Amino acid sequence: MEVDKKEEIASDSSEQVVNPWEVSAKDGGKIDYDKLIDQFGCQRLDESLIDRVERLTSRQPHVFLRRGVFFAHRDFDLVLDAYERGDKFYLYTGRGPSSEALHLGHLIPFMFTKYLQEAFKVPLVIQLTDDEKCMWKNLSVEESQRLARENAKDIIACGFDVTKTFIFSDFDYVGGAFYKNMVKVAKCVTLNKAMGIFGFSGEDHIGKLSFPPVQAVPSFPSSFPHLFPGKDKLRCLIPCAIDQDPYFRMTRDVAPRLGYSKPALIESSFFPALQASGENGKMSASDPNSAIYVTDTAKDIKNKINRYAFSGGQDSIEKHREIGANLEVDIPVKYLSFFLEDDAELEHIKKEYGEGRMLTGEVKKRLTEVLTGMVERHRMARAAVTEEMVDAFMAVRPLPNMFE
């Protein structure tokens with residue numbers, strides 16, 4: 001069973017910790033993604049799969065695929081096998097609405113999911129786990145619901161197709177067929193197993209113990225009878241960061257027992273914080289200087305990059321010209337690897353900077369240009385999202401042309 005491997009390492013405190021609530025590396029070092037693949041039992045996303053995506057979709061793979069941002073998967077090859085036979089699938093991703101505004105790390109799964117939706121011409125469900133954040137962040141029910149709606153506006157601003165996309169908040173939607181599936185999942189998972197997968201302890205309130213089935217069941221098509229009536233065998237593909245893997249190891253373990261296909265996953269690495277410590281984990285919404293927010297002004301972005309973005313450049317121009325930058329720890333280069341579309345320009349910057357011909361200030365200037373343009377485009381798109389548009393995306397309705 002897929003959950004067993006995680007349970008074996010859950011008690012080993014000397015290992016790196018990667019779960020939905022905590023990401024930390026052993027001895028303060030880097031996250032070892034190869035080790036994570038081995039521990040979690042997922043597979044490396046290799047070039048043959050990326051080439052296959054390009055062939056099946058007749059379009060260039062997304063930059064996040066080309067550069068290994070999405071680096072691991074579970075059964076993505078089987079989804080492509082089925083797609084090649086003419087069998088469709090649907091996408092499922094989500095957001096835990098704990099803050100007013102999203103930072104760039106929050107946008108990554110949505111940017112990639114939009115690409116998948118357009119490339120494969122498939123429907124999408126987006127879960128807003130306002131109930132989870134109410135329980136984990138000590139937010140009121142009303143504040144969690146408000147933040148969910150505000151975050152929905154940022155998600156819509158990414159450009160999703162309303163005729164193929166259903167956004168729902170747990171507080172509003174859970175019930176009926178969705179709740180029946182939750183109960184079925186809950187009956188399959190013992191308390192000991194839940195503690196092994198998620199690290200729950202006797203100090204956690206029972207609300208936390210009850211949540212995992214809520215995040216599990218959107219991967220079952222019967223949870224959405226208005227979208228997928230009679231399509232209980234429809235496959236689900238989940239783009240997410242790898243810290244969400246525990247939820248879906250549990251889900252994949254119980255799915256066959258309930259008569260459903262195992263959901264497939266395509267998983268990303270973490271988007272690093274601006275400071276040096278960002279190399280060790282992921283960007284944090286709790287530290288405003290660790291992140292670039294979609295609400296930041298051009299001045300904010302420039303200031304954060306210049307003051308806080310950890311540089312791999314040397315401490316003098318002479319030394320830098322002699323030995324070049326350490327690209328392994330340089331945050332501006334890492335950010336450009338996420339968001340600079342031009343592959344040739346990125347390789348040029350890496351070569352020139354790594355060999356000392358380009359200085360840190362020049363790299364930070366280019367990053368500032370890239371992120372300022374990206375954030376401004378998002379801000380304009382977000383300003384155009386009306387309350388009526390949010391209502392349209394969140395309305396429980398059929399999507400008659402969702403596979404076209």
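Since this is a predicted model, take the numbers as computed values, not measurements.
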Quick check: [Y] with [X] (ring centres under 6.0 Å apart)?
X    : Y    : result
F120 : F89  : yes
F271 : Y335 : yes
Y115 : F112 : yes

Quiz item: Taking only residues two or more places apart in sequence, or in another chain, which ones meet S337 in a side chain to side chain contact (heavy atoms under 4.5 Å, CB included)?
Solution: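 Partners of S337 by the side chain to side chain contact (heavy atoms under 4.5 Å, CB included) criterion, ordered by chain and then number, come out as V333, L346, K350.
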
Self-check item: Partners meeting side chain to side chain contact (heavy atoms under 4.5 Å, CB included) with S140 (sequence neighbours left out)
Solution: E142, E143

Are [X] and [Y] close enough that some pair of their side-chain heavy atoms sits under 4.5 Å apart?
X    : Y    : value
V217 : K180 : no
L128 : L147 : no
D342 : H348 : no
R366 : E362 : no

Quiz item: Can you list the residues that meet the salt bridge (Lys or Arg N to Asp or Glu O under 4.0 Å) rule with D315, with sequence neighbours excluded?
Solution: none

Self-check item: For K88, salt bridge (Lys or Arg N to Asp or Glu O under 4.0 Å) partners two or more places apart
Solution: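 None.
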
Exercise. Find out whether the Lys NZ or Arg CZ of R44 is both under 6.0 angstrom from the six-membered ring centre of F71 and within 45° of the ring's axis.
Key: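 Ring-cation test returns no.
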
Practice problem: Report the C-alpha separation of Y173 and Q127 in whole Å, then their side-chain angles, then the decisive distance to 0.1 Å, and conclude whether the side-chain contact (heavy atoms from CB on, under 4.5 Å) test is met. | Solution: CA-CA 10 Å; Y173 184 73; Q127 180 181 42; over 6 Å; no

Exercise. Decide side-chain contact (heavy atoms from CB on, under 4.5 Å) for T297 and K302; before the verdict, give the C-alpha distance in whole Å, the side-chain angles of both, and the deciding distance to 0.1 Å.
Key: CA-CA 9 Å; T297 65; K302 181 178 180 181; over 6 Å; no

Self-check item: Pair D330, Y353: side-chain N/O donor-acceptor within cut-off below 3.5 Å
Solution: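 Their side chains do contain a donor-acceptor pair, which is all the 3.5 Å distance test asks for.
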
Let me check something: any side-chain donor-acceptor pairs from residues 160-169 under 3.5 Å, sequence neighbours excluded? List them with distances.
residue: D161; atom: OD1; partner: T163; partner atom: N; Å: 2.9
residue: D161; atom: OD1; partner: T163; partner atom: OG1; Å: 2.7
residue: D161; atom: OD2; partner: T163; partner atom: OG1; Å: 3.1
residue: K164; atom: NZ; partner: N401; partner atom: O; Å: 3.1
residue: K164; atom: NZ; partner: E404; partner atom: O; Å: 2.2
residue: T165; atom: OG1; partner: Q117; partner atom: NE2; Å: 2.9
residue: T165; atom: OG1; partner: D161; partner atom: O; Å: 2.8
residue: S169; atom: OG; partner: D130; partner atom: OD2; Å: 3.3
residue: S169; atom: OG; partner: D172; partner atom: N; Å: 3.2
residue: S169; atom: OG; partner: D172; partner atom: OD2; Å: 3.0

Quiz item: Who are the ring-ring contact (aromatic ring centres under 6.0 Å, His included) partners of H378, not counting sequence neighbours?
Solution: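 Checked H378 against ring-ring contact (aromatic ring centres under 6.0 Å, His included); zero matches.
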
